[in-house]
Protein chains: 2
Amino acid sequence: MTRRVNEPIWMRPESVPAGRPNERSRAEITAAAVAIADRDGLDAITMRRLASSLATGPASLYRYVANRDELIDLMVDAVAAEYELGGPSGDWLADLVAFAGQARTIMRRHPWVVPLVIGQPSIGPHSLDLIEHILAVLGDHPAPTGAKLQAFAMLNGVVALFVQNELAGERRRNGQTIAQWQAAQAAYLHHIAAQGRHPRLARAMTPDPAAVAATDDALDLLTARIMEGLLGGAAAATDRD
Amino acid sequence: MTRRVNEPIWMRPESVPAGRPNERSRAEITAAAVAIADRDGLDAITMRRLASSLATGPASLYRYVANRDELIDLMVDAVAAEYELGGPSGDWLADLVAFAGQARTIMRRHPWVVPLVIGQPSIGPHSLDLIEHILAVLGDHPAPTGAKLQAFAMLNGVVALFVQNELAGERRRNGQTIAQWQAAQAAYLHHIAAQGRHPRLARAMTPDPAAVAATDDALDLLTARIMEGLLGGAAAATDRD
DNA sequence: GCAATTTGCGAACACCGATCGCAAAGTAGA
DNA sequence: TCTACTTTGCGATCGGTGTTCGCAAATTGC
């Protein structure tokens, strides 16, 4: 048997019609992994835990996946399949903003993808569909393709940053409850503020009645401004009705 | 001895004037860790390797640091100390752009901080200096403090994304050379393109003579546009001279 | 000198990703 | 049905990881 691990998982056939047949499938394993990560985060994805959640041994997983990173590639691509991609509406900016909105709900559903966005995951078929969709949306746009791809990367990243901010406080850190951790952090901040060498920080710590509320509009505005800035807002007037 | 790990490392005194004195210091350990990470990446930071680079045993490090995460907090804050913060120039946008420029060179010097920007590092004294600086720069700006802090987070994140794009191809993935990995990825892309269901992707793969070149101006423009968008470019006319 | 207190660190533990080799379970052909 | 042949399932195991424990060593105040 040849062990073709040098090519990406997307090019390796999942099974061949010979020998003992698979008892599981990549999709099944991926779904189980996503379920674990949704509940307990990316660190909870260990080969042993995933295996036992599938009622098998850790070694068996390596028949489906060359290593843990490849498993995560599968997970990311599975999440990319959750987008609902319509055709271009004619208003590229609106389409990009709508895409960002979908990205937000998907990232909130799968918080573990947030840190993966900054990184170099192997691009799978569903991720390629996303790229194709963005290129279609920007079909009439005069920018070079490289700029469009970079804009797409930036769009994903900005949404990730936004969601990360939204979800701050829901993740846990090193066994400690996030509440404990935040309380300890706050104690330190007060300590620093009391020293008087950070006056503006100190003033920022008095609770502000007009606190910033993260509404859905906030992301829309943010992404619209950024994409306008990146892809030349002047070329397309974006006020509808 | 009480083991005060519930409060952040910044509040625990580094040493007490009693008993056997420290043979090392947090700064020394942090510097060694940064040196390793600069050369071999964040994964190379193992307690054993760091210890042996300091000619000691792994267990000794836990007299200075509660766990690996705390060590990384120290590293991040050490990098934050590398900024040179001048006073506000009066042009907040220019100051923010200049800050982003510094962030870029610092992140290029320490590529391992890029994935840490998206995350929840414990904010140390030098990071607090950065926040204080940004708040000072935005002192006259009418936006609420929360919005300013979010803009700061977004600024850091965008620079991280930018540097990540710049450095793509310098990191390695799972033993394989990045060249091998990229070649394999490219093979898959060609395979998909040949199937004809991603026409725009296929066209994007024919090498473009007018490829996008990442110049220094690119980041300046990008950050300027984004910060203008976030903090209301209309409120402050930013054309000088 | 003599507690008291703190640090240094070898040894060990639990857990991780990954590999190896063989038994089990199928297919194709006689 | 029997016999290669091929592929999967997976127990056992390896090297490496973060972290803890307990004791010896080093320093202080008395």
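These numbers come from a predicted model, not from an experiment. Chain letters run A, B, ... following the sequence lines, proteins first and then strands; every chain starts at 1.
For D/dC10, the OP1/OP2 oxygens have a side-chain nitrogen or oxygen of A/Thr56 closer than 4.0 Å. Residue A/Ser60 places at least one side-chain N or O closer than 4.0 Å to OP1 or OP2 of D/dC10. At the phosphate of C/dC16, OP1 or OP2 sits under 4.0 Å from a side-chain N or O atom of A/Thr46. For C/dG17, neither phosphate oxygen OP1 nor OP2 lies less than 4.0 angstrom from any side-chain nitrogen or oxygen of A/Asn67.
Rounded to an integer number of Å, the gap from CD1 of B/Ile45 to P of D/dG16 is 18 Å. When the P atom of D/dC10 is taken as reference, atom CG of A/Leu61 falls 10 Å away, rounded to whole Å. Rounded to an integer number of Å, the gap from A/Tyr62 OH to C/dC16 P is 11 Å. Between B/Arg68 atom CZ and C/dC16 atom C1' there is a gap of 13 Å when expressed in whole angstrom units. Between the CG atom of A/Leu50 and the P atom of C/dC16 there is a distance of 12 Å, given to the nearest Å. The CG atom of B/Asn22 sits 13 Å away from the C1' atom of C/dT5 (whole-angstrom rounding). Spacing between atom CE of B/Met47 and atom P of D/dG15 amounts to 23 Å, rounded to whole angstrom units.
Heavy atoms only, all atoms of each residue included: B/Asn156 and B/Met107 are closest at O-CE, 3.9 Å.
On a pure distance criterion of 3.5 Å, a polar donor-acceptor pair joins the side chain of A/Arg63 and the base of D/dG9. Residue-to-nucleotide contacts include no donor-acceptor pair under 3.5 Å from the side chain of B/Arg20 to the base of D/dT27. For D/dG18, the base has a donor-acceptor partner in the side chain of B/Arg48 [N/O atoms by modelled type, under 3.5 angstrom].
Counting non-hydrogen atoms under 4.0 angstrom, A/Arg24 reaches the backbone sugars and phosphates but no base.
Take the nearest nucleotide of DNA chain C for A/Pro21 and for B/Tyr64: the residue whose nucleotide is more 5' is B/Tyr64. If you find the closest nucleotide of DNA chain C to B/Gly57 and to B/Val16, the one lying nearer the 5' end belongs to B/Val16. Nearer the 5' end of DNA chain D, as judged by each residue's closest nucleotide, is the contact made by B/Asp43, out of B/Asp43 and B/Ala18. Summary of the strand contacts: B/Ala59 and A/Glu14 both lie near DNA chain D, and taking for each the nucleotide with the nearest heavy atom, the more 5' one is attributed to A/Glu14.
By the 4.0 Å N-to-carboxylate-O rule, A/Glu7 lies too far from A/Arg12 to be salt-bridged with it. The pair B/Glu132-A/Arg197 fails the salt-bridge criterion, with no side-chain N (NZ, NE, NH1 or NH2) lying under 4.0 Å from an Asp/Glu carboxylate O.
Side chains of A/Gln185 and B/Ser122: a donor-acceptor N/O pair is present below 3.5 angstrom, by distance only. Residues A/Glu82 and A/His110 bring a donor and an acceptor atom of their side chains to less than 3.5 Å of each other.
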